Q: 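Before anything else, here's the structure in question.
Sequence lines set the chain letters: A, B, ... in the order given, protein chains first and strands last, and positions in each chain run from 1. Quantities reported herein were computed from a predicted structural model and do not represent experimental measurements.
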Amino acid sequence: MRKKILLPNGCSCSTPSVYPSNWKIGGKSLLKKKWYINYYFYDPEFPKPKQVVIKGMNEYSNLEDRRNATKLIYEDELKALKELGYNPFTKRNFCEIEKPKNELHKDLNIIEAFRLSHDKLKKSVSKDYFNEIRIAINRFEKGARELRMLNIKIKDFKRSELKTILEYLNLTDHYFNKFRSYLSSLFNELVEYDCCEHNLTRDIRKRKIIKKVRETLEIEHLKQIAEYLKEEQPYFYRYMMIFFYSGARSSELLRIKKCDVNIEKQEYKVIIEKGRQHTETIKIILPDALPFWIELINQAKTNDYLFSIKLKPGSTTIDPVQITRRWNYHIKSKMVIHNNQIIEKSNLKKDEKGIPVTADFYSLKHLFLDKVDASSENYENISSRLASHTTPNITNSVYLINKKKREREKLKNLKIDFLEERA
DNA sequence: ATTCCGTGAACGCTCACATG
DNA sequence: CATGTGAGCGTTCACGGAAT
């Protein structure tokens with residue numbers, strides 16, 4: 001009996017034989033015969049073996065050529081069987097078939113399943129959110145590892161086990177809930193791919209959160225800070241004024257290019273990135289902010305971002321986090337309130353203690369928006385209009401577009417006595 | 001030496017929808 | 001119409017490198 005040869009994917013074959021058997025040494029009379037290579041292929045998925053016969057060598061009528069051809073065919077066939085996983089039943093090379101390696105299936109362990117599921121979200125969620133989920137999975141994996149729960153298969157994963165891991169992670173209430181929602185996104189995918197029956201997170205209670213009030217500043221103090229920044233950090237001051245008067249997010253402002261701004265119309269456009277759709281939105285420039293915009297535009301080249309490095313026009317974008325850092329660096333860590341005045345910490349006398357400035361930059365936006373609403377009795381909810389949150393339904397309606405246009409025209413004339421020195 | 005910027009991680013807030 | 005949920009975007013902190 002010839003030896004069986006083991007092949008990829010649990011298949012095997014008999015050692016191919018060549019007819020005539022004395023093909024290597026026989027004389028010219030062999031040329032009268034029809035040569036062939038013969039072997040049997042075994043695939044556990046098929047009940048009977050398949051007999052394979054190859055005859056390509058017979059087109060050579062010279063004995064040497066036929067021998068060589070046979071040898072080549074023989075070697076090629078073996079190579080195809082062993083290395084490419086050629087399967088005579090399916091006529092495909094098993095090893096070259098796109099493996100469902102990246103596919104979700106219920107036998108994956110929980111972390112593998114989470115990671116694959118996470119990968120599927122890439123197309124539909126923001127970069128940030130995608131990243132946050134990745135971070136959450138990392139942390140989850142760490143917990144599961146420490147609890148020796150890494151090897152649980154996704155199909156066997158139990159609510160109680162999920163709960164155990166989550167509890168073990170010692171998350172704050174808020175982050176616990178966030179975590180829960182990250183995992184929920186993952187489970188939604190997993191359920192769709194039949195990896196599990198339910199979205200297990202749904203059965204885990206959310207934790208109660210106590211809302212904190214954001215610290216803010218007195219308007220008077222903010223004015224003083226603005227004065228200070230005007231002298232010491234004019235670019236930051238300029239940004240701050242535009243930010244406050246715009247009602248926009250830093251992430252939006254930092255993406256604006258010179259060509260997005262139309263000074264004559266008092267308008268600029270921003271791109272709001274939500275999911276896959278990036279929506280362009282027109283926002284207006286309030287009269288009080290106009291000088292700052294003009295200054296920026298004059299300093300910028302056409303393709304410049306208005307707020308690049310150092311918050312000056314330039315060719316690169318910067319991370320919105322820079323705004324917070326500036327605020328921390330220049331205000332929070334340097335300035336204190338003393339005798340109801342904002343002063344530099346270093347100017348305090350020895351035994352004097354100031355009240356630290358704790359308000360964060362963003363909280364001041366709310367302060368300002370309140371002010372906007374208050375100073376514009378006629379236009380209720382101006383601030384949300386400034387922020388211009390749109391929904392798809394609204395943008396689709398011509399009537400509403402015109403209405404929005406009219407509203408914008410009104411805003412263009414709105415004056416607010418914010419941070420204005422009065423004579 | 002000081003200032004600024006980038007990145008990863010953790011955590012916080014809130015709008016816009018879906019849901020009931 | 002109130003409430004829950006998903007998603008986007010915000011801050012804080014630590015570390016480290018580049019520019020000035």
Q: Taking for each residue the nucleotide of DNA chain C bearing the nearest heavy atom, is the 5' side occupied by A/Ser184 or by A/Val321?
A: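 Looking at DNA chain C, the more 5' nearest nucleotide goes with A/Ser184.
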Q: Please report the distance, rounded to the nearest Å, between CZ in A/Arg180 and P in C/dT5.
A: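 Going from CZ in A/Arg180 over to P in C/dT5 covers 6 Å.
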Q: For the pair made of CD1 in A/Ile318 and C1' in B/dC5, what is the distance, rounded to whole Å?
A: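 Taking atom C1' of B/dC5 as the reference, CD1 of A/Ile318 is at 9 Å.
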Q: Is the A/Phe292-A/Tyr237 ring centre distance short of 6.0 angstrom?
A: yes
Q: From CZ of A/Phe243 over to P of C/dC9, roughly how many Å is that when rounded to an integer?
A: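 Roughly 14 Å, once rounded to whole Å.
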Q: Any ion pair linking A/Lys257 and A/Asp304 (charged N to carboxylate O, less than 4.0 Å)?
A: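 Salt bridge between A/Asp304 and A/Lys257, a charged N being under 4.0 Å from a carboxylate O: no.
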Q: I'd like to know if A/Lys163 pairs up with A/Glu167 as an ion pair, taking the criterion as any Lys NZ or Arg NE/NH1/NH2 lying under 4.0 Å from an Asp or Glu carboxylate oxygen.
A: yes
Q: Give the nucleotide from the list C/dA7, B/dC4, B/dC11 with an atom nearest to the side chain of A/Ser185.
A: C/dA7
Q: Rounded to the Å, how far apart are A/Leu169 CG and B/dA9 C1'?
A: 14 Å
Q: In this structure, how many angstroms lie between the P atom of B/dC5 and the CD atom of A/Gln322, rounded?
A: 5 Å
Q: Taking only side-chain N and O atoms of A/His330, does any of them lie within less than 4.0 angstrom of OP1 or OP2 on B/dT2?
A: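 Result: no.
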Q: Reckon A/Lys178 touches a base, only the sugar-phosphate, or nothing at all at heavy-atom distances under 4.0 Å?
A: base
Q: Can you check ring pair (Phe, Tyr, Trp, His ring centres under 6.0 Å) on A/His330 and A/Tyr228, steps first, answer last?
A: CA-CA 10 Å; A/His330 293 293; A/Tyr228 171 81; 8.2 Å; no
Q: Give the nucleotide from the list C/dG10, B/dA9, B/dC5 with an atom nearest to the side chain of A/Arg134.
A: B/dA9
Q: Tell me: CZ of A/Phe130 to C1' of C/dC9, nearest whole Å?
A: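 In whole Å, C/dC9 C1' lies 18 Å from A/Phe130 CZ.
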Q: When the distance from CD of A/Glu232 to C1' of B/dT2 is rounded to whole Å, what number comes out?
A: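 Rounded to the whole Å, the gap is 16 Å.
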Q: Are A/Phe114 and A/Phe187 near enough that their ring centres are under 6.0 Å apart?
A: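 Distance test on ring centres: under 6.0 Å, yes.
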Q: Could you give the CZ-to-P distance, from A/Phe361 to C/dT12, as a whole number of Å?
A: 12 Å
Q: Consider the side chain of A/Arg325, meaning its heavy atoms from C-beta on, and name the nucleotide among B/dC4, B/dC11, C/dC13 that approaches it most closely.
A: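 The answer is C/dC13.
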Q: Of the nucleotides B/dA10, B/dC5, C/dG10, which has the atom closest to the A/Glu132 side chain?
A: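 Looking only at side-chain atoms, A/Glu132 lies closest to C/dG10.
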Q: With a cut-off of less than 4.0 Å, is there a side-chain N or O of A/Asn328 near OP1 or OP2 of C/dT11?
A: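 No.
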Q: Should A/Tyr175 be listed as having a side-chain N or O under 4.0 Å from OP1 or OP2 of B/dG12?
A: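 No, no such contact exists.
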